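Below is one structure, written out as structure tokens, with a few remarks after it.
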Number of protein chains: 2
Amino acid sequence: MPTVFPLAELRRSSAPVSVIDTIIKGDCVAALEALPDNSVDMIFADPPYNLQLGGTLHRPDQSKVDAVDDAWDQFASFELYDAFTRAWLLACRRVLKPTGTIWVIGSYHNIFRVGATLQDLNFWILNDIVWRKTNPMPNFKGRRFQNAHETMIWASPDPKAKGYTFNYDAMKAANDDVQMRSDWLFPICSGGERLKGDDGKKVHPTQKPEALLARILMSSTKPGDVVLDPFFGSGTTGAVAKRLGRHFVGIEREQDYIDAAAARIAAVEPLGKTELTVMTGKKSEPRVAFNVLVENGMIKPGQVLSDAKRRHSAIVRADGTLTANGEAGSIHRLGAKVQGLDACNGWTFWHFDDGTSLRPIDELRTVVRNTMARLD
Amino acid sequence: MPTVFPLAELRRSSAPVSVIDTIIKGDCVAALEALPDNSVDMIFADPPYNLQLGGTLHRPDQSKVDAVDDAWDQFASFELYDAFTRAWLLACRRVLKPTGTIWVIGSYHNIFRVGATLQDLNFWILNDIVWRKTNPMPNFKGRRFQNAHETMIWASPDPKAKGYTFNYDAMKAANDDVQMRSDWLFPICSGGERLKGDDGKKVHPTQKPEALLARILMSSTKPGDVVLDPFFGSGTTGAVAKRLGRHFVGIEREQDYIDAAAARIAAVEPLGKTELTVMTGKKSEPRVAFNVLVENGMIKPGQVLSDAKRRHSAIVRADGTLTANGEAGSIHRLGAKVQGLDACNGWTFWHFDDGTSLRPIDELRTVVRNTMARLD
DNA sequence: GCTGTGTATGAATCTTAGC
DNA sequence: CGCTAAGATTCATACACAG
């Protein structure tokens, strides 16, 4: 079980107290200020996102969405949020080694402010990384695009900083021998990995998946490095660090989160040296929408598609839908409609004329898939 | 060939000069200030990225990478870049209709500053969209992740702004009948689409793919809308707008870009009305009161309605309301009440017995709508 | 044990017309 | 402007339970 340090005790201590592999209980900035200069190799920070939610949101079945409405996520203004961001980033920079790097995760609600503040404080952005979620929550009201990703910024503490850790070859090897890209695909944290209380409810509203942290740690730290998480929450950073043979320092205010994290980390079994392979993200058969063929010019708006025996035909519209006999819909919906069926696989039903013969549009999808094969 | 307006001439003009489907030559902010208030439906902006490149970058074979080192991309400091960003965003907001939206594209070099400035100016972010590149440039030095995406911010001019255009149903139908996500996959602009000069060199260093602009315009504008691009460059926005039956206004300083864009747009053939029609959902259909079904005799007073599984039932009254268990109300209110919910769509909840099976009353509404449509 | 069905849920800035 | 009422709206997973 990792030690928990009340911040007051850490301050009182005259001798240097090792905080390695412990959770410091207290305010993030105050705790950071109690740590020595240049003492950590990497920082992963998952700060409050400052979501500005209106009323309650219901799913189409009228069930209520359990929103993030915790007090710690509320800020009265952007100015206050920016001041908070400046304060913890400055405190982070002091404890970070010159060869270290910092990761910050956020959404469009806060990440632009975080990124601008990082630049204002003379951090040097190395990459912005997109976490694409395989299973994001839908947009229930249909008024926006489905918010299907979060953004991480990876930065070094100074534009002139040299010698930061980036395990390029490990990343490349883990990615079918091509360079690891800036867009990563992972499921959200759910199922058995998601910490639940005795009441069966989630312990923390924004627990991050271990696979995400594993890729971060494998890419930008070495075994034995010290990883600091100033917003420790349910302790994902600590659990993954321990499993991967890294040390951690967590900072957290709420006792409930600390208790859950400490128990969680205690149960982690570190991997042996030979097992320290990089976790790979989710691979899946690329799903190609018909619209991709239109957008790429393989099928043109106005073009006529027909079934294999030319009994039915339809016209392609610019939005990637088809129209025929005054009806319209996706390739599947309209294929079903013209046949009077409930369902239809539009990919095999609809054909295009290549000048010589009718060919199923599925052939074009295969072409697209082959060019996208590595991209999930 | 689209008309080109020297800004000086536009200002001299005492009569209102229509700038629709023209390229205004001049400084971005000055040109915007010459346009009327609330006059454009959508803005797409591809501002300078403020890339801070060090020396010359070489590929592993020692060939030189043709970097973006144009004078227009250079800013002495973040402060200057922010001031520039504020100026053009403020000018954009004035010409944008309250129901309009703005798209801005950038990379990690500038997008955080743009996003924070948008928020500071009280724009309301609707989504951040990730353009995942199928064929990004590799990271030649192997010191970072491959920078494989750019970020777009989609925002409305005010948090309270309502009525912006989002063609949700068209996006969903185009995407195999599931919601369009915030991560989009497109190739970079290359091959025949890439404008080349007589010397065979690319005309513009950051020409965007037409497919990207097509999805943007299809998602957030209607045919006939006016789309403004304050950094017109090689005119991708104008070319796609013309093809998709939208109007454009371009602003550009450099004569070489204007010449290339004007010729390019002149060659574009607009699509016809059929191809430009997009999928719409129930939201856009005329409202039909339930009472109309009763008045038309499709539903009779005293008739029993029930839900799909016959768990709840209600009796139709002559005034078009329902009653059950001593309670009464509209089809929606009573549907909610019998289920103990806050809200309910009575059209899909309540069913009538056609002698064979239970059918939703929504089917009768469709019949009424089709009848109404024939009377237009 | 296996398969199919029904239900629950996740960092969410999530309606609009009409009076 | 504020209020009320109409009525539109979900994808991927995990899990419990039935057959």
Side-chain angles (χ1 to χ4, degrees), chain A residues 46-70 72-75 78 105-111 131 133-151 187-194 196 200-202 204-209 231 233 282 284 287, chain B residues 99 119 123-128 155-156 159-160 162-164 166 168-169 172 175-182 280-291 309 320 329-333 335-336 342-350 361-362 365:
Chain A
D46 184 9
Y49 284 12
N50 190 24
L51 300 185
Q52 293 155 59
L53 305 176
T56 52
L57 178 65
H58 292 89
R59 298 187 179 80
D61 65 3
Q62 300 303 324
S63 63
K64 205 176 121 199
V65 173
D66 184 15
V68 178
D69 53 2
D70 305 72
W72 50 254
D73 198 52
Q74 311 290 320
F75 291 81
F78 284 132
I105 186 167
S107 66
Y108 68 83
H109 311 84
N110 71 322
I111 198 65
W131 168 28
K133 303 180 184 182
T134 57
N135 48 352
M137 194 186 295
N139 182 293
F140 294 115
K141 302 296 185 191
R143 295 296 294 136
R144 305 180 177 192
F145 297 96
Q146 182 184 30
N147 193 4
H149 73 277
E150 295 188 27
T151 301
I188 61 175
C189 180
S190 66
E193 187 185 325
R194 188 85 195 217
K196 306 258 170 53
K201 289 185 178 163
K202 57 191 178 193
H204 194 282
T206 70
Q207 185 180 339
K208 296 292 177 287
F231 306 96
K282 170 150 178 149
S284 60
R287 195 177 57 78
Chain B
T99 56
Q119 292 179 314
F123 282 86
W124 191 243
I125 298 178
L126 298 168
N127 280 114
D128 61 332
S156 66
K160 294 179 297 298
K162 299 291 176 198
Y164 62 86
F166 178 54
Y168 173 79
D169 297 289
K172 182 172 170 174
N175 194 43
D176 268 16
D177 294 320
V178 291
Q179 294 189 336
M180 187 70 81
R181 296 167 46 109
S182 56
T280 55
K282 287 180 179 173
K283 271 179 188 147
S284 59
E285 298 202 36
R287 291 197 173 189
V288 175
F290 177 67
N291 197 25
K309 298 187 176 168
S330 70
I331 53 172
H332 313 295
R333 286 281 121 240
D342 286 337
C344 165
N345 184 340
W347 289 109
T348 51
F349 178 71
W350 294 111
I361 57 175
D362 202 26
R365 181 170 65 161

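Reminder, nothing fancy here: chain letters follow the sequence lines and each chain counts from 1. Quick caveat, the model's predicted, so the values are computed rather than measured.
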Report task. Measure from CZ on A:Arg194 to C1' on C:dA11 and round the result to the nearest Å. Result -> 9 Å
Report task. For A:Ser107, answer base if it contacts any base atom (sugar-phosphate contacts may also be present), sugar-phosphate if it contacts only those atoms, and nothing otherwise; contact means non-hydrogen atoms under 4.0 Å. Result -> nothing
Query raised in the report: Would you say a side-chain N or O of B:His332 is under 4.0 Å from OP1 or OP2 of D:dG7?
Result: yes
Report task. Give one of base, sugar-phosphate or nothing for A:Tyr108, where a contact means two heavy atoms less than 4.0 Å apart. Result -> base
Query raised in the report: If anything within 90° of 0 is syn and all else is anti, what is C:dT13?
Result: syn
Query raised in the report: If pairing requires Watson-Crick or G-U wobble contacts with both distances under 3.5 Å, which nucleotide is the partner of C:dG18?
Result: D:dC3
Query - From D:dG7, D:dT10, D:dA8, nucleotide with atom closest to A:Asp61 side chain - result: D:dT10
Query raised in the report: At what distance, to the nearest 0.5 angstrom, does CD1 of B:Ile125 lie from OG of A:Ser107?
Result: 9.0 Å
Query raised in the report: Is the shortest side-chain N/O distance from B:Tyr164 to OP1 or OP2 of C:dT16 below 4.0 Å?
Result: no
Query raised in the report: When you check the gap from the basic side-chain N to the acidic O, do B:Asp362 and B:Lys282 get nearer than 4.0 Å?
Result: yes
Query raised in the report: From the list C:dA12, C:dA11, D:dA12, which nucleotide is the closest neighbour of the side chain of A:Asp46?
Result: C:dA11
Requested in this report: Using the P atoms only, state how far D:dA6 lies from C:dT13, rounded to an integer number of Å.
Outcome: 29 Å
Query raised in the report: Under a 4.0 Å N-O cut-off, is there an ion pair linking B:Asp169 with B:Lys172?
Result: no
Query - Contact under 4.0 Å: B:Asn345 side-chain N or O vs D:dA8 OP1/OP2 - result: yes
Report task. Test ring-ring contact (aromatic ring centres under 6.0 Å, His included) on A:His204 and A:Trp72 and set out the steps. Result -> CA-CA 12 Å; A:His204 194 282; A:Trp72 50 254; 5.8 Å; yes
Report summary line: Closest of C:dT16, C:dA11, D:dT9 to the A:Asp73 side chain is C:dA11
Query raised in the report: Between B:Ser330 and D:dA6, does any side-chain N or O lie under 4.0 Å from OP1 or OP2?
Result: yes
Query raised in the report: Where each residue is assigned the nucleotide of DNA chain D containing its nearest heavy atom, which of A:Pro136 and B:Phe290 is assigned the position nearer the 5′ end?
Result: B:Phe290
Query raised in the report: Counting only side-chain N and O atoms of B:Arg181, is one of them less than 4.0 Å from OP1 or OP2 of D:dT10?
Result: no
Query raised in the report: Just wondering, do A:Asn147 and A:Tyr108 contact through their side chains at under 4.5 Å, heavy atoms?
Result: yes
Query raised in the report: Quick one: which of C:dA11, D:dC11, D:dT10 gets closest to the side chain of A:Pro60?
Result: D:dT10
Query raised in the report: Can you tell me how far C1' in D:dC15 sits from the matching atom in C:dA11, rounded to whole Å?
Result: 23 Å
Query raised in the report: Does the pair B:Arg365/B:Glu285 count as a salt bridge with the N-to-O cut at 4.0 Å?
Result: no
Query raised in the report: So what does B:Asp176 touch, heavy atoms closer than 4.0 Å: a base, only the sugar-phosphate, or nothing?
Result: nothing
Report task. Choose from C:dA11, D:dC11, C:dA12 the nucleotide whose nearest atom is closest to any side-chain atom of A:Leu53. Result -> C:dA12
Report summary line: Using Watson-Crick geometry (N1-N3 plus N6-O4 or O6-N4) or G-U wobble (N1-O2, O6-N3), each under 3.5 Å, C:dA8 is paired with D:dT13
Requested in this report: For residues B:Tyr168 and B:Thr280, determine if any side-chain heavy atom of one lies less than 4.5 Å from a side-chain heavy atom of the other.
Outcome: no
Report task. Nearest whole angstrom, please: distance from the C1' of D:dA6 to the CG of B:Asn291. Result -> 14 Å
Query raised in the report: Given that A:Gly192 and A:His58 both sit by DNA chain D, which one's nearest nucleotide is further toward the 5' end?
Result: A:His58
Query raised in the report: A:Arg143 has a side chain; which of C:dA11, C:dT13, C:dT16 sits nearest to it?
Result: C:dT16
Report summary line: Contacts of A:Gln207 and A:Pro138 projected onto DNA chain C by closest heavy atom; the upstream (5') one is A:Gln207
Query raised in the report: Between A:Ser190 and A:Lys141, which has a closest nucleotide on DNA chain C that is more 5'?
Result: A:Ser190
Query - Any A:Asn147 side-chain nitrogen or oxygen under 4.0 Å from OP1 or OP2 of C:dT13 - result: yes
**Report entry** Under-4.0 Å side-chain N/O to phosphate OP1/OP2 contact, B:Arg287 with C:dT15
**Finding:** no
Requested in this report: Ignoring the backbone of A:Ile188, work out which of D:dT9, C:dG10, C:dA12 is nearest its side chain.
Outcome: C:dG10
Query raised in the report: Counting only side-chain N and O atoms of B:Lys172, is one of them less than 4.0 Å from OP1 or OP2 of D:dC11?
Result: yes
Report task. Measure from the ring centre of B:Trp124 to the centre of the six-membered ring in the base of C:dT13, then say whether that distance is under 5.5 Å and the planes meet at under 30°. Result -> yes
Query raised in the report: Touch check for A:Gln62, heavy atoms < 4.0 angstrom, all strands: base, sugar-phosphate only, or nothing?
Result: base
Report summary line: In Watson-Crick or G-U wobble terms, with both distances under 3.5 Å, the base opposite D:dA18 is C:dT3
Requested in this report: For D:dT9 versus C:dA12, give the span between their C1' atoms, rounded off to a whole number of Å.
Outcome: 14 Å
Requested in this report: Using a strict 4.0 Å threshold on nitrogen-to-oxygen distance, state whether A:Lys208 and A:Asp46 make a salt bridge.
Outcome: yes
Query raised in the report: Quantified in whole Å, what is the C1' atom distance between nucleotide C:dG10 and nucleotide C:dC14?
Result: 15 Å
Query raised in the report: Rounding to the closest angstrom, what is the interatomic distance between C:dT16 and D:dC1 at atom C1'?
Result: 16 Å
Report summary line: Checking C:dT13, C:dT9, C:dA11 against the side chain of A:Trp72 (C-beta onward), the nearest is C:dA11
